[in-house]
Novice: 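Below are the structure tokens for one structure; questions will follow.
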Amino acid sequence: MHVTIVLPSLNPDDKLLQVVDALVERGFHRILLVNDGSDQEHLAPFEQAARHPQCVLLRHAKNLGKGRALKTAFNYFLCHPEGDVGVVTVDGDNQHHIDDIVACAQALEAHPDALILGCREFSGPDVPPRSRIGNRTASFLFRVLAGVKVSDTQTGLRAIPSRWLWEFVDLYGERFEYETNMLLEVPRLGISLREQPIRTIYLEENVGSHFRPVQDTLRIARLLGKFLASSLASFVVDILLFWLLEWLLTPVELALQLLLATVGARVVSSLVNYSLNRKAVFGHKGRVGGSMARYYLLCVAQTAASYIGVWALTALTGGSFAVLWKVVVDLVLFFISFQIQREWVFPRKQSHGR
């Protein structure tokens, strides 16, 4: 197989040797083993594994995180591709069955432009609660906020084509959030995502895992939160201006009052939202004219939908609770608008690799 194995590890035990031995036995010609700043008591497994001629041992002087370890290996691969189609990332705790690793490598050879995820089933009774809850929470956030449907967000078994390593090697994130950020790039880069079913293996209640369910789920939420910050900021501006304009226009007939308040608030908040989304959120580098034209087409449609929704609900309640209905309607429109902005208004130009 023309595939390189990437194996990051921190303070491993003998399970690391079991993983390496199995990989060598199954014919993988190169294993990039990354020692991510392990202490002196855990260096023996690295030294023994490095005796295999197939192993290339890369070292961090101190623990820099799994994300940094992966990027170190990706960078090495890009400097020394040796004709391989890409890499397969593997965890060193022996929780990836060798047959599943081989299956992901074969899937990469069959689909050399696709990101292959080795996905586990989390409904079994042997799955630790923290892994089940953490994965379900992250999967929900991905589906709702990022538009990425993936069944196993925490999987460390991934087959990555070499063309996408150029994008991933300088991707933000140093620890577990890096793997999350990698998945967030899938829709923006137009990467084909394929899932490869694998065994669900947890050894000794998963005590060897360095995934921290609370801290890392919060980190994932903060990462996804950057997509929300711009819209929330403009949302606050919009609501405050709507409230002020509605109060100033109290003598005006209800329908005209709501129309003027909605349009006036949206003009200001949309300028704030466009600037933040283009620069800070989506990192769009295309022409301003094109993205602004698309943005304001969406803005007009969203404003019309907001006005119609608020007017209808306010009328049904006898002219009361306009601000409340404004909040409800715009929250619904927010999720719709986010998807459209990410996919159409600020699309990231696809990379063609190197």
Novice: Is it true that E174 and K66 make a salt bridge, defined as a side-chain N closer than 4.0 Å to a carboxylate O?
Specialist: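 Between K66 and E174 there is no salt bridge, as every charged N stays at least 4.0 Å from the carboxylate O atoms.
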
Novice: Using side-chain heavy atoms (C-beta onward) and a distance below 4.5 Å, is L58 in contact with L33?
Specialist: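 Result no, sub-4.5 Å side-chain heavy-atom pair not found.
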
Novice: Decide if atom CZ of F321 counts as having more than 12 heavy atoms of other residues, nucleotides or ligands within a radius under 6.0 Å.
Specialist: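 Open.
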
Novice: For the backbone of G86 and the side chain of D84, can you confirm whether one donor and one acceptor N or O come within less than 3.5 Å of each other?
Specialist: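 Pair absent, no side-chain N/O of D84 close to backbone of G86.
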
Novice: Got a second to check how far H42's NE2 is from S9's OG, nearest 0.5 Å?
Specialist: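 Going from NE2 on H42 over to OG on S9, the span is 9.5 Å.
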
Novice: Once you round to the nearest 0.5 Å, how far does CG of N35 lie from CG of N63?
Specialist: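 One gets 9.5 Å once the value is rounded to the nearest 0.5 Å.
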
Novice: Does L260 belong to the same Ile/Leu/Val/Met/Phe/Trp/Tyr cluster as V300, with side-chain heavy atoms less than 4.5 Å apart forming each link?
Specialist: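 No; tracing contacts between hydrophobic side chains, which count when under 4.5 Å, never links both residues.
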
Novice: Consider side-chain contact (heavy atoms from CB on, under 4.5 Å). Of L7, V20, I31, D100, which one does V90 pass it with?
Specialist: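 Testing V90 for a side-chain contact (heavy atoms from CB on, under 4.5 Å) against L7, V20, I31, D100 leaves exactly one candidate, L7.
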
Novice: Working note: H111 + S192, criterion side chain to side chain donor-acceptor pair (under 3.5 Å); need CA distance, chi angles, decisive distance, verdict.
Specialist: CA-CA 9 Å; H111 307 279; S192 174; over 6 Å; no

Novice: Assess the pair Y274 and F346: is the distance between their ring centroids shorter than 6.0 Å?
Specialist: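 That pair passes the under 6.0 Å test.
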
Novice: Shortest non-hydrogen contact from S270 to Y295?
Specialist: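 For S270 and Y295, the tightest heavy-atom pair comes out as O-OH, 3.1 Å.
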
Novice: How close do V150 and E195 get, heavy atom to heavy atom, and via which atoms?
Specialist: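 Closest approach of V150 to E195, heavy atoms only: CA-OE2, 3.4 Å.
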
Novice: So which atom in S162 and which in F77 form the shortest heavy-atom distance, rounded to 0.1 Å?
Specialist: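 For S162 versus F77, the nearest heavy atoms are CB-CE2, 3.7 Å.
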
Novice: Assess whether atom NE2 of H2 is packed by more than 12 heavy atoms of other residues, nucleotides or ligands within 6.0 Å.
Specialist: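 No, not enclosed.
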
Novice: How close do L245 and A265 get, heavy atom to heavy atom, and via which atoms?
Specialist: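 Closest approach of L245 to A265, heavy atoms only: CD1-N, 3.7 Å.
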
Novice: Passes side-chain contact (heavy atoms from CB on, under 4.5 Å), L271 versus R266? Steps please.
Specialist: CA-CA 8 Å; L271 290 172; R266 188 54 53 86; over 6 Å; no

Novice: When you look at L157 and T89, which way does the side-chain contact (heavy atoms from CB on, under 4.5 Å) test go after all the steps?
Specialist: CA-CA 5 Å; L157 182 55; T89 63; 5.8 Å; no

Novice: Indicate the atoms forming the closest heavy-atom contact of P8 with L70, along with that distance.
Specialist: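 Scanning both residues completely, I find the closest heavy atoms to be CG-CD2, 3.9 Å.
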
Novice: Any chance CZ of R26 has more than 12 other-residue heavy atoms, nucleotides or ligands included, within less than 6.0 Å?
Specialist: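 Enclosed.
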
Novice: Are L57 and L16 connected in the hydrophobic side-chain network, where two residues link if heavy atoms are under 4.5 Å apart?
Specialist: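 Looking at the clustering, L16 is in the same group as L57.
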
Novice: Working to the nearest 0.5 angstrom, can you tell me the gap between L115 CG and F168 CZ?
Specialist: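 If we round to the nearest 0.5 Å, L115:CG and F168:CZ are 5.5 Å apart.
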
Novice: What's the verdict on side-chain contact (heavy atoms from CB on, under 4.5 Å) for L254 and Q257, showing C-alpha distance, side-chain angles and the deciding distance?
Specialist: CA-CA 5 Å; L254 177 63; Q257 171 193 354; 4.0 Å; yes

Novice: L232 and F334: same hydrophobic cluster, using ILVMFWY side-chain contacts below 4.5 Å?
Specialist: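 Yes: a chain of side-chain contacts under 4.5 Å links L232 to F334.
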
Novice: Kindly compute the distance separating CD1 (I116) from CD (Q106), expressed to the nearest 0.5 Å.
Specialist: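 Taking CD1 in I116 and CD in Q106, the distance rounds to 11.5 Å.
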
Novice: With clusters defined by side-chain heavy atoms of hydrophobic residues (ILVMFWY) lying less than 4.5 Å apart, directly or transitively, does W166 cluster with I191?
Specialist: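 Yes, same cluster.
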
Novice: Should side-chain heavy atoms under 4.5 Å link Ile, Leu, Val, Met, Phe, Trp and Tyr, which residues sit in the same cluster as L240?
Specialist: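 In the cluster with L240 are V236.
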
Novice: Taking the basic N atoms (NZ, or NE/NH1/NH2) and the acidic carboxylate oxygens, is any pair closer than 4.0 Å for R120 and D152?
Specialist: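 Yes, charged N to carboxylate O under 4.0 Å.
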
Novice: Start with the C-alpha distance between M292 and R278, add both sets of side-chain angles, then the distance that settles side-chain contact (heavy atoms from CB on, under 4.5 Å), and finish with yes or no.
Specialist: CA-CA 9 Å; M292 182 172 285; R278 181 175 181 272; over 6 Å; no

Novice: Quick test of your reading of the model: are K326 and D238 salt-bridged, counting only N-O distances below 4.0 Å?
Specialist: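 D238 and K326: salt-bridged.
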
Novice: Can you find a pair of side-chain heavy atoms, one from L333 and one from S306, that are under 4.5 Å apart?
Specialist: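 A side-chain contact exists here, since the closest heavy-atom pair is under 4.5 Å.
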
Novice: For the CG atom of L17 and the CD atom of Q48, what is their distance to the nearest 0.5 Å?
Specialist: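 If we round to the nearest 0.5 Å, L17:CG and Q48:CD are 5.0 Å apart.
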
Novice: Is there a continuous path of hydrophobic side-chain contacts, each under 4.5 Å between heavy atoms, that joins M182 to L78?
Specialist: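 They do share one cluster, since a chain of ILVMFWY contacts under 4.5 Å joins M182 to L78.
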
Novice: Would you call K62-D36 a salt bridge at under 4.0 Å N-O?
Specialist: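 No, this pair does not count.
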
Novice: Quick one: sort the H80 and Y76 rings into parallel, tilted or perpendicular, breaks at 30° and 60°.
Specialist: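 Geometry flag for Y76 against H80: tilted rings.
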
Novice: For A73 versus V34, what's the shortest heavy-atom pair and its separation?
Specialist: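 Heavy-atom minimum between the residues: CB-CG2, 3.9 Å.
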
Novice: Rounded to the nearest 0.5 Å, how far apart are CG of L258 and CG of L249?
Specialist: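 Between L258 CG and L249 CG, I get 9.5 Å after rounding to 0.5 Å.
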
Novice: Kindly check if the number of other-residue, nucleotide or ligand heavy atoms within 6.0 Å of CD (E25) is above 12?
Specialist: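 Atom CD in E25 is not packed in, count stays at 12 or less.
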
